[in-house]
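Below: the structure, in structure tokens.
Letters go in sequence order (proteins before strands), and every chain restarts at 1. FYI, side chains are in, hydrogens and waters are out, and symmetry mates aren't considered; it's all heavy atoms of this structure.
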Amino acid sequence: MAMLAARAAGKGNGIRRLFSSFPFPSSQPATTPPPPAEPSTNLFISGLNKRTTSEGLEKAFSEFGQVVHARVVTDRVSGYSKGFGFVRYATIEEAAEGIKGMDGKFLEGWVIFAEYARPRSLPPHSSQAKGSSPSGFP
DNA sequence: TGTGAGCGT
């Protein structure tokens, strides 16, 4: 339980920024922009308990809005949870309430972090919905 | 055992 304090102090993606000010010559041109992700109805939930399931996610986040879909990412071959998941609300307002209501809170005994999910893939400039799957997953 | 800092089948 001592790790919970370190997690709470880090607060998501703030830990890796501690190394961005390292006194190095002029190697890294200050790359790695810190995009907090643009607001959307899709949320990225991290810090989940390995035993937390998709319905557990949906049940917890449904208290702050209408959850359209919730999923805990699991390994395809092992079936074990990867410790994070995604929750999609009906509206962006509900997504914001979900973040404010669940970010840094406990779920299944673990402190979780809720933030806006990044787009899964960049818009490929133009897409021909034809032939093979546009999702890239057969 | 899936104790990790993670953006998906």
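- Note: OH (A/Tyr80) to P (B/dG6) measures 23 Å, nearest angstrom.
- Distances from the side chain of A/Asn42 to the nucleotides B/dG8, B/dC7, B/dG6 place B/dG8 closest.
- Looking at residues two or more places apart in sequence or on another chain, you find no side-chain hydrogen bond (donor to acceptor under 3.5 Å, both in side chains) involving A/Glu58.
- When the side-chain nitrogen and oxygen atoms of A/Lys50 are compared with OP1 and OP2 of B/dT3, one or more of them lie within a distance under 4.0 Å.
- Per the geometry, CD1 belonging to A/Ile112 stands 15 Å off C1' belonging to B/dG4, to the nearest Å.
- Listed by chain and number, the hydrophobic cluster partners of A/Val73 are A/Phe44, A/Phe84, A/Phe86, where partners are ILVMFWY side chains within reach of under 4.5 Å, directly or through others.
- For A/Arg118, counting side-chain heavy atoms from C-beta on, the closest listed nucleotide (B/dG2, B/dT3, B/dC7) is B/dC7.
- Between the side chain of A/Asn49 and the base of B/dG2, no donor-acceptor pair of N or O atoms lies under 3.5 Å.
- Residue-nucleotide stacking is present for A/Phe86 and B/dG8, judged by a side-chain ring centre under 5.5 Å from the six-membered base ring centre and planes under 30° apart.
- For the pair A/Trp110 CH2 and B/dT3 P, the computed distance is 9 Å after rounding to whole Å.
- For A/Glu97, the side-chain hydrogen bond (donor to acceptor under 3.5 Å, both in side chains) criterion is met by A/Lys100, not counting sequence neighbours.
- Tracing side-chain contacts under 4.5 Å through hydrophobic residues (I, L, V, M, F, W, Y), one reaches A/Phe113 starting from A/Phe106; they form part of the same cluster.
- Between A/Leu57 atom CG and B/dG8 atom C1' there is a gap of 13 Å when expressed in whole angstrom units.
- Here B/dT3 presents its P atom at 16 Å from CD of A/Glu108, a figure rounded to the nearest Å.
- In this structure, A/Arg88 places its CZ atom 18 Å from P of B/dC7, rounding to the nearest Å.
- The stretch residues 63-75 of chain A touches DNA chain B through A/Arg71, A/Val73, A/Thr74, each having a heavy atom within less than 4.0 Å of the strand.
- Residue A/Ser81 is the one, among A/Ser81 and A/Tyr116, whose nearest nucleotide of DNA chain B lies closer to the 5' end (criterion: closest heavy atom).
- When the P atom of B/dC7 is taken as reference, atom CD1 of A/Ile99 falls 17 Å away, rounded to whole Å.
- The main-chain N or O of A/Phe64 is never found under 3.5 Å from a side-chain atom of A/Tyr89 such that the two would form a donor-acceptor pair.
- Residues satisfying the side-chain contact (heavy atoms from CB on, under 4.5 Å) test with A/Glu55, not counting sequence neighbours, are A/Thr53.
- In this structure, A/Lys82 places its NZ atom 13 Å from C1' of B/dG2, rounding to the nearest Å.
- Residues satisfying the side-chain hydrogen bond (donor to acceptor under 3.5 Å, both in side chains) test with A/Ser62, not counting sequence neighbours, are none.
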